[in-house]
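Note that the structure is a prediction, hence the values are computed from the model and not measured. What you see below is based on every heavy atom in this structure, not just the backbone, and it leaves out hydrogens, waters and symmetry mates.
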Amino acid sequence: MSKNSKIKINSRYFPGAIEKKWSKKWQEKGMNEFDFSSKKPKYYNLVELPYPSGDLHLGHWFAFTPADAHARYKKMNGFNVFFPNGFDAFGLPAENAAIKRGIHPKDWTMQNIQNMTKQFETMGTMIDWSHEVITCLPDFYGWNQWIFLKMFEKGIAYRGKALSNWCPVDQTVLANEHIEGGKCWRCGSEVIQKEVEQWFLRITDYADRLIWPEDNSSKSDGEKDTASNEPVDWPDQVKEGQNNWIGKSEGMLLEFSVINKGDNNGLNIDSIKVFTTRPDTTDGATFLVVAPEHPFAREIKQKDVSEYIKEAQKKTEMERKEDRTKSGVFTGAYVKNPVSGKDIPVWVADYVLAGYGTGAIMAVPFADERDREFARKFNLPIEETDFKAKPEGEKTVNYHLRDWSISRQRYWGTPVPIIHCEKCGLVPVPYEDLPVELPYNVDYTPKGKPPLATDEEWLNTKCPKCQGAAKRDAETLDTFFDSAWYYYRYVSPHFEKLPFDTKEVAELMPVDVYFGGSEHTLGHTLYARFFTKFFKDIGLVGFDEFARKRVQHGVILGPDGNRMSKSRGNVVNPDEIVKEYGADTVRLYLCFMMPYEATAPWSTEAIGGMYKFLWRVWNLIQVWLSTDRIQDNADINHEYIRIKNRTIKKVGEDLENFHFNTAISAIMIYFNEFSKNLEKTISKDEINTLILLLAPFAPFITEELWHLVNPNAKSVHLQPWPGYDEKYLLEEEVPVAVQINGKLRDTVRIRNSELKIQNKVEEEIKKSEKVQKYLEGKKILKVIYVEGKIINFVVS
RNA sequence: GGGUGAGUGGCGGAACGGUAUACGCGAUAGUCUCAAAAACUAUUGGCCGCAAGGUCUUGAGAGUUCGAAUCUCUCCUCGCCCACCA
């Protein structure tokens, strides 16, 4: 643009109108619809599906908009990008909220979905809603039931009885992951222990296959993506976390025979088995401890023992874990240490867990701190061990991972497709009768029995086997069951023969990148991997891992640095900010404010800076348009060419690697170069590059500007990503830092053509007065030269 | 207790063996204005100095290196996840 003394702006930047306009146009054109027939390489861009809580909050914006920028970048790079979304619509929170407000959970949920879908529109993502999945609709949960029945057939789903975490207010069983500090994650009430019969998934059968290999280059099950034969790229944090959670430990089962069988009130057990990972310390075992729930403990008729057991059972598991002071009683029984040959006493104590190993341990106070603490408290002997014992025993493997309890005594979930017949037992609902629909008119308030059990009409049915009277299973499935496979359903959301079209899934999956929160490291993503391995076993898919790459985002805290919560009053409402600044500004700020994986507070002031930036971009282009339009590449400005190429490279690499913040910073630097030198000519190509680089982040303003600059062109989001050429990256003169003994003393500009020749560089640098001053009278011992960057003189 | 990530200006952060503090926010001064806001311009890690310049600085301390925010060790602090797992 030629010299213009006064900046005249023809039109001002009003994000509201622009965003509404383009949102509508894109929708009309079906811009975001995935094209299955395309020959371009596919790219499945997945974000964890949101829970329909009522309103989109800032966390949703933070999860979705950088992911959208990545997807848009991929699309501009020639990929056929699949970016679907849906709603995780079943579950307790909906039910609780519905009870509180007196609305039916379904109505409440569907209203929220409608509302949130509208809010999603303002976000300007390229989500293809034609593949939407809503998990509370029979179209989806019927396939939950199908999968459940397959698992039942294979023995993966089974009915078991277990001491479970029970929330007395929500009237439901809770998974360990849903207890926070001994309290229910939803309602905050104290969790108690209760024996409950329920459905389990035998995830422990898959424990070994779910373990991530230590070395990513080896070739066992799980670490290679069989479809592409490329290593699966998940953060170490997740891999380590899951491996620890699975907690495989190899050890030995040792048998200790009871010495004084028969005495002590007719004790009738021959031996006690213990699990140990350190059989080499067996000679140091000076006593045995069994958990209060252990059968041996129950055999003991001594009054102090039975009283101790009673006391221990009153406590919840959580209370036991919180109270770390050791307690226990002597049972009067002795066993023989197979290595030392000594008779050692058997105690009952609640620091031993019934659910791990055999529920009994050999205590080696010399080697184990907990055992030592116990021994000290009760004056039991501590004997040194030389770690050389080799007792005989059965080698075994124990896992920390337990089978996944999927039963919920609640209304708002997938009905378990099983019929309880007095004659035939557990009878699966025939596949052709699926889905077992969740009845609408049910009293879903908590009663201590599953709400579905109160609907007699629904409950009573015929046994498919004997045609006799039978009852449906009144429980519903954990919603983590839904989220374990929803991303398969996205591919073919209306497929009627199977949970998903296996052909299409083979083409589109595995997922290329899966964005989500780190809170799902141990629950959701582990279940999703488990389901994928099950699908492989029943021949539905050909790969082991459902997602090639996992990217976990951090958390946006309130402006005060605390987690946003209504009670703190520090919740930032994205709708209000969008109203004030427009979605592009919010998107830009969320991408720019911090690294995607970081956790940092929202800043009410800093977002203004993003708005200002877009405003300045808008103005610059308005000015450019209002002056004589410069023909393409007229008056080539070499400095601009260099910085343009450098910026294209940087922004592309950053978007590829999810470094959204530095990508935007690079665009700002590029922009500043122009706005600081308004007297210099800017070519159309340079303006277009600015718009194209910004397009993934700020889709609305860039679309508007693109059409102003290129009136007859297609959408900016259908344009190819600009290319760069390495040969333009180098400056004609490069500043080389000069160090004397490692301290920076000067920088000298060296001609590009001379950079490779160290002698010439040294010669140039020694011309500098400053350098001369430091070298005067010194002997140069060594010179280290890093081409184009730094030269270090080591002097005496 | 175990695992894992992180400590850099007033703030969010950049650089991750080669010119520390990019980019943004905030702050200060100026231009414009009756005035204010906005916008624009300049300055903005500390200390010494009128200046040129010097000097110190990436939680603390040591080490490796020509050169360390970056690698190694010890310690301190914080976040997240798990937690009496034998």
* Span that lies between the C1' atom of B:rU31 and that of B:rA37, in whole angstrom -> 15 Å

* Asked: In whole Å, what is the span from the CD1 atom of A:Ile669 to the P atom of B:rC23?
  -> 5 Å

* Considering only NZ, NE, NH1 and NH2 on the basic side and carboxylate oxygens on the acidic side, decide whether A:Lys395 and A:Glu250 come within less than 4.0 Å. => no

* **Closest to the A:Leu353 side chain, choosing from B:rU19, B:rG53, B:rA86** => B:rA86

* Using the C1' atom as the reference point in each nucleotide, state the distance between B:rU21 and B:rA15 in Å, no decimals. => 9 Å

* For A:Glu762, enumerate each residue passing the side-chain hydrogen bond (donor to acceptor under 3.5 Å, both in side chains) test, keeping only those at least two apart in sequence or located in another chain. => A:Gln758

Protein and nucleotides 40-42 of chain B: nitrogen or oxygen contacts under 3.5 angstrom:
{"residue": "B:rC40", "atom": "OP1", "partner": "A:Arg616", "partner atom": "NE", "Å": "3.3"}

Below 3.5 Å between N/O atoms, which protein atoms pair up with nucleotides 3-14 of chain B? Just atom names and distances, please.
{"residue": "B:rG3", "atom": "O2'", "partner": "A:Asn244", "partner atom": "ND2", "Å": "3.0"}
{"residue": "B:rG12", "atom": "O2'", "partner": "A:Met593", "partner atom": "O", "Å": "2.5"}
{"residue": "B:rA14", "atom": "OP1", "partner": "A:Asn661", "partner atom": "ND2", "Å": "2.9"}

Shorter than 3.5 Å, N or O on both sides, protein versus nucleotides 61-70 of chain B: list them out with atom names.
{"residue": "B:rC66", "atom": "OP1", "partner": "A:Lys782", "partner atom": "NZ", "Å": "3.4"}
{"residue": "B:rC66", "atom": "O2'", "partner": "A:Asn792", "partner atom": "ND2", "Å": "3.1"}
{"residue": "B:rC66", "atom": "O2", "partner": "A:Asn792", "partner atom": "ND2", "Å": "2.5"}

* Asked: How far, in whole Å, is B:rU8 from B:rC56 if one measures between their C1' atoms?
  -> 15 Å

* Asked: Listed by chain and number, what are the side-chain hydrogen bond (donor to acceptor under 3.5 Å, both in side chains) partners of A:Thr286, not counting sequence neighbours?
  -> none

* Sugar-phosphate only, base, or nothing, as touched by A:Thr276 at under 4.0 Å among non-hydrogen atoms -> sugar-phosphate

* To do: Could you tell me whether A:Tyr596 contacts a base, only the sugar-phosphate backbone, or nothing, with contacts defined as non-hydrogen atoms closer than 4.0 Å?
  => nothing

* Asked: What is the nucleic acid contact for A:Gly247, judged by heavy atoms within less than 4.0 Å: base, sugar-phosphate only, or nothing?
  -> nothing

* Identify the heavy atoms of A:Phe275 and A:Gly357 that sit nearest to each other, and give their distance. => CB-CA, 4.1 Å

* To do: Grab the CD-C1' distance between A:Gln242 and B:rC82 for me, whole Å please.
  => 13 Å

* Structure fact -> Hits for side-chain hydrogen bond (donor to acceptor under 3.5 Å, both in side chains) against A:Tyr13, two or more places apart or cross-chain, chain-then-number order -> none

* Whole Å only: how far is the CG atom of A:Asn398 from the P atom of B:rC84? -> 15 Å

* Asked: What residues, two or more places apart in sequence or in another chain, satisfy side-chain hydrogen bond (donor to acceptor under 3.5 Å, both in side chains) together with A:Asn792?
  -> none

* Hey, does the Lys NZ or Arg CZ of A:Arg587 hover above the aromatic six-ring of A:Phe697, less than 6.0 Å from the centre and inside 45° of the axis? -> no

* To do: Taking only the side-chain heavy atoms of A:Ser665 (C-beta and beyond), determine which of B:rA22, B:rC25, B:rC84 contains the nearest atom.
  => B:rA22

* Structure fact -> Residues passing the ring pair (Phe, Tyr, Trp, His ring centres under 6.0 Å) test with A:Tyr774, sequence neighbours excluded, are none

* Nearest atoms (heavy-atom pairs only) where A:Met564 meets A:Asn570 -> CA-OD1, 3.3 Å

* Integer-rounded Å distance: B:rA22 P and A:Ile664 CD1 -> 18 Å

* **Closest to side chain of A:Val786, choosing from B:rG18, B:rC84, B:rC82** => B:rG18

* Asked: Would A:Phe378 and A:Phe330 satisfy side-chain contact (heavy atoms from CB on, under 4.5 Å), going step by step from the backbone distance to the final call?
  -> CA-CA 9 Å; A:Phe378 296 101; A:Phe330 175 48; over 6 Å; no

* **Spacing of the P atoms in B:rA22 and B:rC75 (rounded, Å)** => 35 Å

* Asked: Does B:rG9 adopt a syn or an anti glycosidic conformation, taking syn as a chi angle within 90° of 0?
  -> syn

* **Separation between the C1' atoms of B:rA38 and B:rC47, rounded to whole Å** => 37 Å

* Hey, is the side chain of A:Tyr774 poking within less than 4.0 Å of OP1 or OP2 on B:rG54, counting only N and O atoms? -> yes

* Starting at atom OH of A:Tyr13, determine the distance to atom P of B:rA39, rounded to an integer number of angstrom. => 15 Å

* To do: Kindly confirm or rule out a cation-pi arrangement of A:Lys326 over A:Tyr351, judged by NZ or CZ under 6.0 Å from the six-membered ring centre and within 45° of its axis?
  => yes

* **Distance between C1' atoms of B:rU74 and B:rU64 (Å, rounded)** => 15 Å

Donor-acceptor pairs under 3.5 Å, side chain of residues 361-368 of chain A to any protein atom, not counting sequence neighbours: which ones?
{"residue": "A:Asp368", "atom": "OD1", "partner": "A:Arg370", "partner atom": "N", "Å": "2.8"}
{"residue": "A:Asp368", "atom": "OD1", "partner": "A:Arg370", "partner atom": "NE", "Å": "3.1"}
{"residue": "A:Asp368", "atom": "OD1", "partner": "A:Asp371", "partner atom": "N", "Å": "3.1"}
{"residue": "A:Asp368", "atom": "OD2", "partner": "A:Arg370", "partner atom": "NH2", "Å": "2.5"}

* Side chains of A:Val734 and A:Leu755: does their closest heavy-atom pair fall under 4.5 Å? -> yes

* Span that lies between the P atom of B:rC71 and that of B:rG49, in whole angstrom -> 38 Å

* Asked: For RNA chain B, what are the stems built from at least three Watson-Crick or G-U pairs in a row, each pair having both distances below 3.5 Å?
  -> B:1-7 with B:76-82, B:10-12 with B:23-25, B:26-31 with B:39-44, B:45-48 with B:53-56, B:59-63 with B:71-75

* Asked: If you find the nucleotide of RNA chain B closest to A:Met668 and the one closest to A:Pro735, which residue's nucleotide is nearer the 5' end?
  -> A:Pro735

* Whole-Å gap separating C1' (B:rC23) and CG (A:Leu588) -> 12 Å

* P atom, B:rG46 versus B:rG9: distance in rounded Å? -> 12 Å

* Asked: Do NZ/NE/NH1/NH2 and the carboxylate oxygens of A:Glu373 and A:Lys377 come within less than 4.0 Å?
  -> no

* Just call it for A:Met610: base, sugar-phosphate, or nothing, with non-hydrogen atoms closer than 4.0 Å on any strand. => sugar-phosphate

* Ionic contact status for A:Lys767 with A:Glu764, cut-off 4.0 Å -> yes

* **Whole-Å gap separating P (B:rA22) and CZ (A:Phe660)** => 24 Å

* To do: For A:Asn672, report the nucleic acid contact type (base, sugar-phosphate, nothing); a contact means any heavy atom under 4.0 Å.
  => sugar-phosphate

* Under the salt bridge (charged side-chain N to carboxylate O under 4.0 Å, His left out) rule, what pairs show up with a residue in residues 272-281 of chain A, not counting sequence neighbours? -> A:Arg278-A:Asp280

* To do: Please report, rounded to the nearest Å, how far the P atom of B:rC23 is from the CD atom of A:Glu673.
  => 11 Å

Ignoring hydrogens and angles, write down the donor-acceptor pairs under 3.5 Å from the side chains of residues 600-617 of chain A, residues two or more places apart or on other chains.
{"residue": "A:Ser603", "atom": "OG", "partner": "A:Glu605", "partner atom": "N", "Å": "3.4"}
{"residue": "A:Ser603", "atom": "OG", "partner": "A:Ala606", "partner atom": "N", "Å": "3.0"}
{"residue": "A:Arg616", "atom": "NH2", "partner": "A:Ser675", "partner atom": "OG", "Å": "3.4"}

* Nearest-nucleotide pick for A:Arg745, side chain only, options being B:rU55, B:rG18, B:rU19 -> B:rU55

* Phosphate contact (B:rA86 OP1 or OP2) by A:Arg372 side-chain N/O below 4.0 Å -> no

